[in-house]
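This report concerns only the one structure given below.
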Amino acid sequence: MNLKKIIKDSIWYGVIPKLSSIVSIIVLPIVTPYLTPTDYGIYGIITAYLSLFNGISTLGLHMHLPNSFFVLKNNYKLLWRRIFGTMLISCATLSVILFCTYLFLLQEIPIKTRWYIAGLAIIPLLFSSNGLISNNFYVLIGQPKPLVIRNLIGSLISIITFFICARFFKLGYQSWIIASALSTIIIFILFIKPIWIQEKIYPQIEKSKKRQIRLLKIALPVIPHNLGHILLSSADRIIMTILGVSIIDIGLYSNGHQLGDYTSFAIIGIFTAISPAIQKAYRNKEYQSMIYFYLTTQLLCSIMVFLLAIWMKEIYYILIKNEELQKSYLVASVICFSLVMYSNYFFMSTAAFIKEKTGYILYLIFVPGVLNIILAFCLIPLWGYTGAAFAMLIANWSTSLIPLFVKFYKDEIKYMLGSIKPLFYIFGINIILFTISLFLKDSFITIKILTTCFSFFFAFLYYRKIIITQK
């Protein structure tokens with residue numbers, strides 16, 4: 001898989017499925033005058049708890065989907081049906097609990113409105129398992145179009161609904177909730193025919209307790225791993241509510257987090273695209289391919305994030321037509337950089353999932369998640385909501401240091417990359433880039449233009465060096 005193929009598949013898996021988000025960015029100048037920090041604050045709290053429950057809902061069973069596809073070959077669908085059924089039951093149970101949580105939690109909303117808001121807000125959790133099965137299936141068979149087109153239809157309906165509700169009905173935070181619920185239901189329905197009927201991957205009750213226990217024994221350690229993702233991405237707003245941070249400050253942080261997190265669409269798209277190739281290279285011991293994938297994907301991530309960070313103030317000026325919300329641009333820049341070293345997590349977790357060493361997954365994400373909570377409690381009282389962004393950055397980057405303390409990952413990185421030096425080489429480069437971005441964020445446009453040109457030039461030279469080395 002060469003650079004052209006990586007970029008092409010990254011667009012299919014990362015950019016095109018998120019066209020609705022791209023459209024939502026385009027309409028931000030029209031919509032933001034009708035949204036307040038309070039709207040962002042309420043919706044930020046709702047999504048934080050939704051993410052928390054989503055992290056538990058699969059019971060970790062999703063890890064068996066790619067493994068069984070490669071190991072069981074033609075018989076994998078039998079296992080997928082049982083996993084599908086178990087996840088549906090889990091989602092339904094947790095949706096009831098989340099509904100009650102929202103009723104208790106959303107005190108800013110009048111009780112009459114709170115009932116229907118809570119009911120709509122749990123729909124993305126209730127119907128999430130169908131999308132998870134579909135995403136795994138089409139990625140593993142290497143056919144992004146059926147997945148992308150259906151997701152795109154649902155997502156575009158979502159953004160149109162959000163726009164109408166926010167712009168014309170002025171429903172504020174309710175616009176997101178209504179749009180998200182409608183999109184989830186539409187996408188669920190669109191995948192019933194191709195997945196349930198044509199591919200015969202439909203929910204089925206697991207009747208064998210022994211098999212269920214065996215699957216859960218391997219899968220349950222993945223739940224702390226999933227929660228680690230939540231601790232890194234959503235716990236900050238929960239902590240702010242505990243520390244008594246105002247709903248307006250939570251809203252400013254949520255706005256910056258939302259815009260900065262758009263970067264994840266492209267980054268995750270890159271690694272979704274190369275995931276099957278990495279699995280194949282790992283299993284076939286194709287060492288040079290793994291090194292090439294690591295360096296190339298990290299180059300793409302670093303150059304993209306660096307340029308977004310230095311131009312974030314201008315991006316906010318163009319997109320956010322709300323002076324109060326424009327204060328959040330620094331948060332967005334820091335959130336961008338917190339995602340820049342996703343490659344280290346991806347490569348190490350791939351090895352753990354393939355070998356079914358799920359216990360080691362805790363080191364990769366749960367430990368940084370706990371670190372994020374500790375740092376958030378320390379930094380938010382000092383720096384306010386901006387402290388939460390820096391806590392997330394430090395916690396995310398700490399994943400790169402794990403091979404120093406965990407022998408399993410040290411051995412796996414040596415197996416994949418030849419040594420652990422590339423991890424720290426990339427770590428150092430991104431520290432330098434982040435520091436430069438902080439100095440340049442408020443600089444003159446001319447300086448930013450020159451920096452952008454030099455960045456592309458040096459990135460091109462670096463990539464050529466990788467290619468020459470590979471040859």
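Just so it is clear, the values below take in all heavy atoms, side chains as well, and ignore hydrogens, waters and symmetry mates.
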Residue pair I141 / F69, side-chain heavy-atom distance below 4.5 Å: yes
Not counting sequence neighbours, list each pair that qualifies as a salt bridge (Lys or Arg N to Asp or Glu O under 4.0 Å) and has a residue in residues 90-119. none
From the list Y253, W176, Y385, Y173, ring pair (Phe, Tyr, Trp, His ring centres under 6.0 Å) with Y40 holds only for W176
I89 backbone acceptor or donor facing T93 side chain under 3.5 Å: yes
Do Y102 and Y49 have their ring centres less than 6.0 Å from each other? no
Applying ring pair (Phe, Tyr, Trp, His ring centres under 6.0 Å), name anything that partners Y342, two or more places apart in sequence or on another chain. F271, Y345
Nearest 0.5 Å, what's the CG-CD1 distance between L126 and I185? 8.5 Å
Donor-acceptor check, side chain of R150 to backbone of L190, threshold 3.5 angstrom: yes or no? yes
For a 4.5 angstrom cut-off between non-hydrogen side-chain atoms, does F53 reach I122? no
Drop me the distance from L423's CG to M416's CE, to the nearest 0.5 angstrom. 8.5 Å
Distance-only polar pair, side chains of Y34 and D39, donor-acceptor under 3.5 Å: no
Output yes when a side-chain donor or acceptor of D261 lies under 3.5 Å from a complementary backbone atom of H257, and no otherwise. no
With a 3.5 Å distance limit and no angle check, can you tell me whether N67 reaches the backbone of F353 through a side-chain donor-acceptor pair? yes
Let me know which of Q204, R81, Q212 forms a side-chain hydrogen bond (donor to acceptor under 3.5 Å, both in side chains) with T86. Q212
For the atom pair CG (N130) and CD1 (I192), what is the distance rounded to the nearest 0.5 Å? 6.5 Å
Does the gap between the ring centers of W80 and F84 come in under 6.0 Å? no
Could you tell me whether the side chain of M304 reaches within less than 4.5 Å of the side chain of S302, counting heavy atoms only? no
Regarding T58 and H62, is there a side-chain donor-to-acceptor distance under 3.5 Å anywhere? yes
Taking NZ in K421 as the centre, count heavy atoms belonging to other residues, nucleotides or ligands within less than 6.0 Å. Is the count above 12? no
Between Q298 (side chain only) and V340 (backbone N and O only), is there a donor and an acceptor less than 3.5 Å apart? yes
Side chains of N344 and T399: donor-acceptor distance under 3.5 Å anywhere? no
Taking S134 for the side chain and F191 for the main chain, is one N or O donor matched with an acceptor at less than 3.5 Å? no
Partner residues of Y415 under the ring pair (Phe, Tyr, Trp, His ring centres under 6.0 Å) criterion, sequence neighbours left out: Y282, Y287
Using modelled atom types only, decide if a donor and an acceptor are shared between the side chain of S328 and the backbone of L252 within a distance under 3.5 Å. yes
Go through the structure and list residues passing side-chain contact (heavy atoms from CB on, under 4.5 Å) with S180, not counting sequence neighbours. P124, T184
Side chain proximity check, T241 to V245, heavy atoms < 4.5 angstrom: no
Could you check whether any side-chain heavy atom of L94 comes within less than 4.5 Å of a side-chain heavy atom of N54, counting everything from C-beta outward? no
Taking the ring centre of each residue, are F188 and F127 less than 6.0 Å apart? yes
Backbone N or O of A166 within a donor-acceptor pair of the S175 side chain at under 3.5 Å? yes
Mind checking the CG-CG spacing from L220 to L61? Nearest 0.5 Å is all I need. 7.5 Å
Taking the side chain as every heavy atom from C-beta outward, state whether L132 and N135 have any pair of such atoms under 4.5 Å apart. no
Close side-chain approach of I42 to I250, heavy-atom, < 4.5 Å: no
Examine distances only and state if a side-chain atom of E199 and a backbone atom of W196 form a donor-acceptor pair shorter than 3.5 Å. no
In Å, rounded to the nearest 0.5 Å, how long is the span from OH of Y360 to OH of Y409? 9.0 Å
Residues two or more places apart in sequence or in another chain: which of them pass side-chain contact (heavy atoms from CB on, under 4.5 Å) with W115? F99, L103, I111
Output yes when a side-chain donor or acceptor of S90 lies under 3.5 Å from a complementary backbone atom of S57, and no otherwise. yes
Pairs involving residues 392-419, ordered by first then second residue, that meet salt bridge (Lys or Arg N to Asp or Glu O under 4.0 Å) (sequence neighbours left out): K355-E412, K407-D411
Any chance you could measure Y43, atom OH, to Q174, atom CD, to the nearest 0.5 Å? 13.0 Å
